[in-house]
Amino acid sequence: MAGERYNPRESEPKWQKIWADGEVFATSNDDGRPKYYVLEMFPYPSGRIHMGHVRNYTMGDVVARYKRAKGFSVLHPMGWDAFGLPAENAAIEKKVHPAKWTYENIDYMRGQLKAMGLSLDWKREVATCHPDYYRHQQKMFVDFFNAGLAYRRTSKVNWDPVDMTVLANEQVIDGRGWRSGALVEQKELVQWNFRITAFSEELLASLDTLDRWPDKVRLMQRNWIGKSVGLEVRFELATPGPTGETTLKIFTTRPDTLFGASFMAMSPDHPLAKALGEKDLALAAFQEKCRRMGTSVAVLETAEKEGYDTGLRVKHPFIEGKTLPLWVANFILMDYGTGAIFGCPAHDQRDLDFARKYGLEVTPVVLPAGADPASFTVGDVAVDGEGTLFNSDFLDGLGTDAAFDEVADRLEARDLDGAPMGARKVNFRLRDWLISRQRYWGCPIPMIHCDDCGTVPVPTADLPVLLPDDATFDKPGNPLDHHPTWKHVACPKCGKPARRETDTMDTFVDSSWYYTRFTDPWNAQAPTTRAVADRWLPVDQYIGGIEHAILHLLYSRFFTRAMKATGHVGLDEPFAGLFTQGMVVHETYKGPDGHWVSPADIVVDEVEGGRTARMKDGSGPVEIGSIEKMSKSKKNTVDPSDIILGWGADTARWFVLSDSPPDRDVIWTEAGVEGAHRFVQRVWRLVCDGTALTAAASEAGERSAAALALAKATHKTIAAVEDDIEKLGFNRAVARLYEFANAVGRVVATPDAVKADAGLARALVEALDALVRMVAPMMPHLAEECWAELGRSGLVADAPWPKVDAALVIDDTITLPVQINGKKRAELTVPRDAGEAEVRAAVLALEAVQAALDGKPPKKVIVVPARIVNVVA
RNA sequence: GCCCCAGUGGCGAAAUGGUAGACGCGGCAGACUCAAAAUCUGUUGCCUUCGCGGGCGUGCUGGUUCGAGUCCGGCCUGGGGCACCA
């Protein structure tokens, strides 16, 4: 065997079979050792795995295998986020049933994942589209409903009037339906929601406890929840509204700027705006135009600000006789605050843009520090910071915070129609979670509508509510709704004919508790087995894409609380540790005909520092484009199966761990893969060649200098790699292993020295043993092959992580850089435990320091122990 | 538009506020070879110098510090999210 190249095509399936047959990675719920739950975000079964999956699952697998080696009882499961739109699109476009499409994709992708050699417990696999999974989700929905956490309200959707269907935001392109091309309308539907806002304060406060989450994710969630302390103010209308309204309630976080108010604005969906629109054709037309923009906030806020002057006027609460015009404006969201604001253009950019467009007054009332009140003006940039009030009557001279309180106090004390005019209020940006989807391929919402009894939950005994198999997808609209029989059902309360809810759940619901189901997926009676769930949870390390930083993670945090409230789990926070990985990106290529071409179809030539590309089939030159996220549309994808077939899973795994820090994007390159594969072969060669030299290894006495150096390298590497893996710094761990392999290689390259020195041979045995154990979490197949070559029994997958000998990690002397005025000018080697005075004296005696000081005493000498010395001349 | 993040050699990158460029890729030179592949060794930020050495250098710009890739302010560029893609 030695001397031959390592053949992954032969070895990888062999070891995968041995692991599977031995159930090496099956996890028992009765294991007494300390638990470690590592989880990667489960995939949507789109058809094939992509490089992003390879990266994600490799990282998780390294952690899982490493923790196993550290003696933990590791839970490392896998499943499928299997409901969703693409299956329904496939049904429409390819005439294949969503279930068939989904399960076939799962089968194929499971095979791909297995070829990666992941240490997964496949016995716990779940698919969210399977009734064995979603029946429990339906049970929890009913529990949430009974606990007041699920309710119905009216919400807006994007409506395609031609396809008669609700469109996802991504299906609305430039205001038109992606399939029909019809202008999209907003439509109001009564829909199911989860009351996530019941936990706003808690979801916010609890972020502080998630100390193993990235700060950026916590910050994003904090901003998303968007707690703000402000004032609700009821303004008096100068003349009553169309249905007798006398006041307009607004929410503001800046009551201090009230004297700078120059207009009032409300959402096109505000009840008053709607009432006005019924009598004002021009306003109705404006509202219609707003409704055609769709429901996406990003679209609303990037659209040019437009408004319509209703002609109504609103009294300024503090300026006698002053009234403000009331506008309907497209950038005011009905979902935030009260759906109406007062506009203060000088101190809010959106208000300023609006005021400039319509020629409204701009009165600055907050003077930034250092500005001159006489000459201060606002141009096209609003001044939104703190300052001192001016142009503001009784507020003049106050700071912004004091002015806030003064206005709040006065308005709270003032009466308008029998109630205080102002009220301090905490407002959250977070909205309740709309879970209704008017689609087939999702978890049916287990409710029944009865004309007499109202909305009644499906009794537990009748769960699950199964999706009908015989749905049709060639008609516009919701297949569940137009199914001939499915929705007709007897009311569980009174027995009279009633109708099933035909909405299904948002797929984010499915992914909000799968990690809990993994703890006991065999429980047919209940979503969870409390004791088991409580033992495994929280997930110790969750790994997935940064694109899930807000929604999926926030919904899961809510869902866990809701499950706790309904008795299904005993904890609040599901993910103790979170890591967000970067994307896999690749160069793009355009062929001779100007179309995108696949990397598989081209050849790159390196010439004189430059790179050019041409078609493999000789049809012409290829233009190398920018590096972008791998996508089908740009054809810059690399199929993991091709890589695994050509190079082996270990090469692919090593590559995605190498070079790029895991939280940053990684660029897939052919050259990088070749480099990774070279290392696979190099480890194999080292183990084979090294083993051949160490037959005479013995425990014999004194260690030679060479033996000590190798032993030190071994233990320093173990310490460093361990530290790196604990911090998920896989690229650093890889670099340390390269370095270590180089050190081992230098020893193996001197066979005579090894043969003559039993201590060195012993150190080499130890080094190779450690190398294989350290490489095992990353390249498990290669490691097993090497383990056998080393003559070890059993599997390296079952072997413990090597132990660090602390004495070999610490050196006796250290070399300190010596700076003069912050620039490195010399080095100084001192004993590790040298005192500060000793170091200082030695530094001042250095020739370079003497020369720089030129006989004068130093102004300052900074000695940072074991780090650096800086002499200030 | 709003929120968040990133930017360092030819390339991917490393660096608890303390020697910028570890490690890898690529390049160059050499060894082995009839030759090539594979492998191994050396070298490789830029400018300057025969050399020793010196100067410059972490997107731009200003600041804090004995010392800034790292901290703070203002920009530029690229990316993620914005509630029905997952």
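In what follows, chains carry the letters A, B, and so on, assigned in the order in which the sequence lines appear, proteins first and then strands, with residues in each chain numbered from 1. Fair warning: this is a prediction, and the values are worked out from it, not measured in the lab.
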If you restrict it to nitrogen or oxygen atoms, what contacts under 3.5 Å exist between nucleotides 18-20 of chain B and the protein, and what is each distance?
residue: G18(B); atom: N2; partner: Asn870(A); partner atom: ND2; Å: 3.4
residue: U19(B); atom: O2; partner: Lys824(A); partner atom: NZ; Å: 2.8

Tell me whether the rings of Trp684(A) and Tyr6(A) are parallel (<30°), tilted (30 to 60°) or perpendicular (>60°). tilted
Considering only side-chain heavy atoms of Asp81(A), which listed nucleotide, A86(B), C2(B), A83(B), is closest? A86(B)
Step through the shown structure and confirm whether more than 12 heavy atoms of other residues, nucleotides or ligands are within 6.0 Å of CD on Glu547(A). yes
Where each residue is assigned the nucleotide of RNA chain B containing its nearest heavy atom, which of Lys305(A) and Pro43(A) is assigned the position nearer the 5′ end? Lys305(A)
Tyr57(A) side chain to Met78(A) backbone, donor-acceptor under 3.5 Å: no
Name the residue closer to the 5' end of RNA chain B, choosing between Gln438(A) and Leu219(A) according to the nucleotide with the nearest heavy atom. Leu219(A)
Ring centroids only, cut at 6.0 angstrom: are Phe42(A) and Tyr514(A) within range, meaning strictly under it? yes
What interatomic distance, in whole Å, is found between C1' of C60(B) and the corresponding atom of G51(B)? 37 Å
Given Trp178(A), which of Ile173(A), Asp163(A), Asp160(A), Val172(A) fulfils the side-chain contact (heavy atoms from CB on, under 4.5 Å) condition? Ile173(A)
Which way is the base of G74(B) turned, syn or anti, if we draw the line at 90° from 0? anti
In whole angstrom, give me the gap between the C1' atoms of G73(B) and A20(B). 25 Å
Can you sort out which residues in residues 655-663 of chain A have a heavy atom within less than 4.0 Å of RNA chain B? Ascending by number, please. Asp659(A), Ser660(A), Pro661(A)
Identify the nucleotide, in any strand shown, that forms a Watson-Crick or G-U wobble pair with A22(B), with both distances under 3.5 Å; if there is none, say none. none
Who pairs with A14(B) - Watson-Crick or G-U, where each distance is under 3.5 Å: none
